[in-house]
Amino acid sequence: MIDPTSIPMYKPEEIERKWQARWAADGLYQPDRDPDKTKHYALTMLPYPSGDLHIGHWYAMTPPDARARFKRMQGYNVFFPIGFDAFGLPAENAAIKHKIHPREWTYANIDHMRGQLKSMGNSFDWRAEIISADPKYYRWTQWFFTQFYKNNLAYQKFSPVDFCPSCNTTLAREQVHGEDRHCERCGTPVIRKDLKQWFFRTSKYAEELLNFDGLDWPEMIKTLQRKWIGKSRGASVIFKTEAGDPIEVFTTRPDTLWGVTYMALSPEHPLVEKITTSAQADQVRAYQEQAKRQSDIQRESVTREKTGVFTGGYAINPVSGEHIPIWVADYVLMSYGTGAIMAVPAHDQRDFEFARQFDLPIKVVIHPNRKDMVFPEEMTEAVEAHGSMVNSGPLTGTPEEESFDAASRYIEAIGVGKSTTNYRLHDWLISRQRYWGAPIPIVYCPHCGAVPVPDYQLPVLLPDDVEWLPTGESPLKLHPTWRYTTCPMCGEPAERETDTMDTFMDSSWYHLRYLSPDYDQGPFDPVQYSFWMPVDTYTGGSEHATMHLIYTRFFHKAARDCGITKGDEPMLQLRNQGMVLGEDGEKMSKSRGNVIDPDDLVVRYGADTVRAYIIFFSRWEIGGPWSSTGIEGNSRWLRRVWHMLLEPAYGTPDQEILRALRRKTHQTLRRVTYDFENFEFNTIVSSLMELLNEMGRAKNAGAFGSAEWNETVDLYLRMLAPVCPHIAEELWERLEKPYSIHYQQWPEVDEEAARDEMITLIVQVNGKLRDRIIVEPGVSDEEAERLALASENVMQALEGRPIRKVIVVPGRLVNVVG
RNA sequence: GCCGAAGUGGCGGAAUAGGCAGACGCGCACGACUCAAAAUCGUGUACCCUCGGGUAUGUGGGUUCGAUUCCCACCUUCGGCACCA
């Protein structure tokens, strides 16, 4: 008899350190690029090196790691890389605040975080690590820019852009959030500036970006992207002023064209000045000034009441010939459509409110079906429903179903407009007036214009000696020498572009650089590209739905059209994790003091326990509050596993116990396999806990050491390995099984063993549980019915009522209706 | 305002195709071990109750033999959008 005290203690800190070193030395997680194996590219969104890994990183990365390990055991050739999204504002803000160079700050953070990442025991292939702030990386970010420029997918434009006065830089439309239009990074409301900036032609891909065929992405993300792209079918119509100037408008309701009673231009519209009569000039100019300031002011004080001023000018309705007043109103946005609208108060709520505000006429031209005719003076709101056309000249009487097409055809026929589709999606503004980013590789030559830096001159290196003053100008512009260069075309003195690129540029193609991080003939090795792309599984937060996830799709398509990439989509399957909240159920933040530090947890419990709890405590896509007592349960579980497997016990089990153990083992395997496949991580740990409980019962009944016990132990460790890789490897070795468990075959379910020998049929009377009967799985419906009706409880519950009907669900229940 | 997700014991959560609601864990209670405590192990743990049963998955309806699951309306929480013509 072995003395139980001779069983070693479970010491996670020792075994975790030991195995992490061994795995790294053996290059265990480097894919072998064996062409006979099916490849699996598992990608997790790369972290920003903010300084410390937090529990959210664990939550984002551990379940996908477990799944990558599961795939590896299934025989896939798995590539699971990691890197750092290393350019960005925090580094520069730290430089301003603490007088430390952004590069120094960033790389120190990376060194620290690399160690933290390794402590998780993830199966990252560290050979593939990329750092987007590395010249050998951003050389190719810049190269992509020049390729896009040469293919007319990048262009420069002078336009009103969103500018964050606190971050001192322009922002892309996607980076401006909320009703008060604040900066997504610092929360400061943005202001409008007129600047010459670089854009990518994202809007050219609007239609293609709406196509998600073949993509296994969450519906929510697809919906958010569709809404963001904002496709509307309609018509563009040219109105003319009395002076003959054309004003183009976009409308989704060409069928209401006869109901136009005024036009409205955005305050920024270029035609405003020309149209305004001298009598109205002062008022209009004042209104424009006020509108311009409006974006400077916090919007809280702004009422929803419609405002505007009459220009004094008139336009002519191209279908009716009516003369209608032209107004300026800030509810018309310069950034959507043409910045001018035809207003139909009767059938558009906004126009209705405006018309009521300024006593403009309301003309009903749509008669909604199944409703009484409405009269303008009785209306309390616009009638936006479709219907048959009335008071509409030659189209009067057109029924609802034909009105849109008939009106579209009509305006085309008389040559005043055409059917068009409009998108909300803007071109991507990529210029940033900041230092810590990849310089835009453009040289301005007085003779040759904007010249892209040729490939052999890339990268355009960021200089180190720069002053980081938050002036609103690019720090590179203030550098004494850097901007002065010679034109790559003519060799004459020229100047560099001093803006840097949006960091979303860097993260739009990092998944390609992972494939061959040292390749210097291009952004990636085409051989590796055709082996690994596209990404099979992409995981990360859903907050990137309308930013990174649109950019990277656009980037892939743009690169495809430049002949660089193949295929239409970069990532086939997308899954989003939820968020870990503090113990108080609130978002974790330093100010709330509810932040959970993963390093402390690793010291206290070991990485395997933290991994197990992370996976166990909530549905991964939902997230939820952390519990510092909850994690104790997972710590206990692993200690129980340790003792269950190592501590011997003696006895003579009966056959039924052993059969039950095998049954539970293979049923667990079936469930765990299903759950890994479907990202249902929490029930994997539950199932393994249940199986351990069953093992405890079997062990007490003397099953230890039997063939069935040994099989269960073997399968248990294989199933545990993806979740808790260290303890699984350690126990695997202690049981003298071949290194490494992480390359063992994922087991097959023995369906015969997993089959229930007897099942419990539920017996209901009128849907209420009255009895349970134990039967063989293949029992016939007739037999099940006979057994159910023989039940005393059933007779009692029927209280003498006749049986009207008996429903038998094979293998489940019998419901007696009486 | 519009769009989306969610709402289940004291808590986190489970229920894979409409069929035993509450798996698994936390917490709690009791017991064993201990001088004692911790740790560990075992048992119990939705609510009400006249101990036969009754009531329960945000609220109210509906479909069904049967609804946490499907449909309609509403409430609450969270996330997204913000006059998009």
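Chain letters run A, B, ... following the sequence lines, proteins first, then strands; residues in each count from 1.
- Of the candidate nucleotides B/C65, B/C83, B/C24, B/C24 has the atom lying nearest to any side-chain atom of A/Asn693.
- When distances run from any side-chain atom of A/Arg173 to the nucleotides B/A82, B/G25, B/A85, the shortest one goes to B/A82.
- Residue A/Glu690 has its side chain nearest to B/C24 when only B/C26, B/C24, B/A85 are considered.
- Between the side chains of A/Asp771 and A/Ser791, a donor-acceptor pair is found at a separation under 3.5 Å.
- A side-chain donor from one of A/Gln349 and A/Glu353 sits under 3.5 Å from a side-chain acceptor of the other.
- In the model, A/Ser618 has a side-chain atom that pairs as donor or acceptor with a side-chain atom of A/Tyr59 under 3.5 Å.
- Residue contacts shown for A/Leu224 are limited to sugar-phosphate atoms, with no base heavy atom under 4.0 Å away.
- For RNA chain B, each stem of at least three Watson-Crick or G-U pairs (distances under 3.5 Å) is given as range with range: B:1-7 with B:75-81, B:10-12 with B:24-26, B:27-32 with B:40-45, B:46-48 with B:53-55, B:58-62 with B:70-74.
- Remark: P of B/G53 and CZ of A/Arg770 are 7 Å apart, rounded to the nearest angstrom.
- Minimum atom distance to the side chain of A/Ser686 is reached by B/C24, of the listed B/C24, B/A85, B/G19.
- Cation-pi contact between A/Arg575 and A/Phe679: present, with separation from the ring centre below 6.0 Å and deviation from the ring axis of at most 45°.
- Look at the C1' atom in both B/A21 and B/C30: the space between them is 27 Å, to the nearest Å.
- The CG-C1' distance, from A/Asp348 to B/G1, rounds to 14 Å in whole Å.
- Distances from the side chain of A/Arg619 to the nucleotides B/G27, B/A85, B/A6 place B/A6 closest.
- One can place OH of A/Tyr423 at 13 Å from P of B/A85, the figure rounded to the nearest angstrom.
- Here B/G19 presents its P atom at 19 Å from CG of A/Asn766, a figure rounded to the nearest Å.
- One can place CZ of A/Arg640 at 6 Å from P of B/C41, the figure rounded to the nearest angstrom.
- In B/G54 the base sits anti relative to the sugar, since the glycosidic angle is further than 90° from 0.
- The residue A/Val249 sits apart from the nucleic acid: no heavy atom pair falls under 4.0 Å.
- With 3.5 Å as the limit, one finds a donor-acceptor pair spanning the side chains of A/Glu248 and A/Ser236.
- Residue whose closest nucleotide on RNA chain B sits further toward the 5' end, between A/Asn793 and A/Val685: A/Val685.
- Between B/G27 and A/Arg636, a contact under 4.0 Å exists linking OP1 or OP2 to a side-chain N or O.
- A distance of about 32 Å separates the P atoms of B/A5 and B/G25, rounded to the whole Å.
- Applying the 4.0 Å criterion to OP1 and OP2 of B/A15, one finds that A/Arg671 has a side-chain N or O inside that range.
- If you take atom C1' in B/G22 and the same atom in B/C47, they sit 13 Å apart, rounded to whole Å.
- The C1' atoms of B/U45 and B/C24 are separated by 15 Å, rounded to the nearest whole Å.
- Atom CD1 in A/Ile615 sits about 15 Å away from atom C1' in B/G25, given to the nearest Å.
- Among the nucleotides B/A85, B/G19, B/G13, the one closest to the side chain of A/Val809 is B/G19.
- A close approach under 4.0 Å does not occur between any side-chain nitrogen or oxygen of A/Asn815 and OP1 or OP2 of B/G19.
- The phosphate of B/A85 has OP1 or OP2 within less than 4.0 Å of a side-chain N or O from A/Tyr336.
- Out of B/C20, B/A85, B/G19, the shortest distance to the side chain of A/Ile762 is found at B/C20.
- Atoms CD1 (A/Ile622) and C1' (B/U8) sit 14 Å apart, rounded to a whole Å.
- The shortest distance between the side-chain N/O atoms of A/Thr760 and the OP1/OP2 oxygens of B/C20 is not below 4.0 Å.
- The aromatic rings of A/Trp428 and A/Tyr551 sit parallel to each other, their planes meeting at less than 30°, with 60° as the upper class boundary.
- With a 4.5 Å cut-off on side-chain heavy atoms, A/Glu621 and A/Gln577 do not count as touching.
- A/Tyr613 and A/Asp608 share no donor-acceptor pair across their side chains, judged by distance under 3.5 Å alone.
- A/Gly623 comes within 4.0 angstrom of the backbone, heavy atoms only, and of no base.
- In this model, the phosphate group of B/U40 is approached by a side-chain N or O of A/Arg639 to a distance below 4.0 Å at OP1 or OP2.
- Going from atom CZ of A/Arg639 over to atom OH of A/Tyr10 covers 9.0 Å, rounded to the nearest 0.5 Å.
- Residues A/Phe681 and A/Phe617 place their aromatic rings such that the two centres sit no closer than 6.0 Å.
- Residue A/Tyr674 has its side chain nearest to B/U16 when only B/U16, B/G27, B/C20 are considered.
- Comparing the same atom, C1', in B/A6 and in B/G13 gives a spacing of 14 Å after rounding to whole Å.
- Taking atom C1' on both B/G18 and B/U69, the two are 7 Å apart, rounded to the nearest angstrom.
- At the phosphate of B/A82, OP1 or OP2 sits under 4.0 Å from a side-chain N or O atom of A/Arg424.
- Each of A/Ile807 and A/Thr683 was assigned the nucleotide of RNA chain B with the nearest heavy atom; the assignment lying further toward the 5' end belongs to A/Thr683.
- To the nearest angstrom, P of B/G13 lies 14 Å from CG of A/Asn634.
- As judged by a 4.0 angstrom heavy-atom cut-off over every strand, A/Tyr331 is placed among the base-contacting residues.
- Separation of the P atoms belonging to B/U55 and B/G7 is 25 Å when rounded to the nearest angstrom.
- B/A73 and B/C3 have their P atoms separated by 11 Å, with the value rounded to a whole Å.
- A donor-acceptor contact under 3.5 Å is formed by the side chain of A/Gln764 with the base of B/G19.
- Contact annotation: side chain of A/Lys227 to base of B/C2, donor-acceptor pair absent below 3.5 Å.
- Within 6.0 Å of atom CE in A/Met758, more than 12 heavy atoms from other residues, nucleotides or ligands are found, so the atom counts as buried in its surroundings.
- In this structure, A/Ser335 reaches neither bases nor backbone, as no heavy-atom distance under 4.0 Å exists between it and the strands shown.
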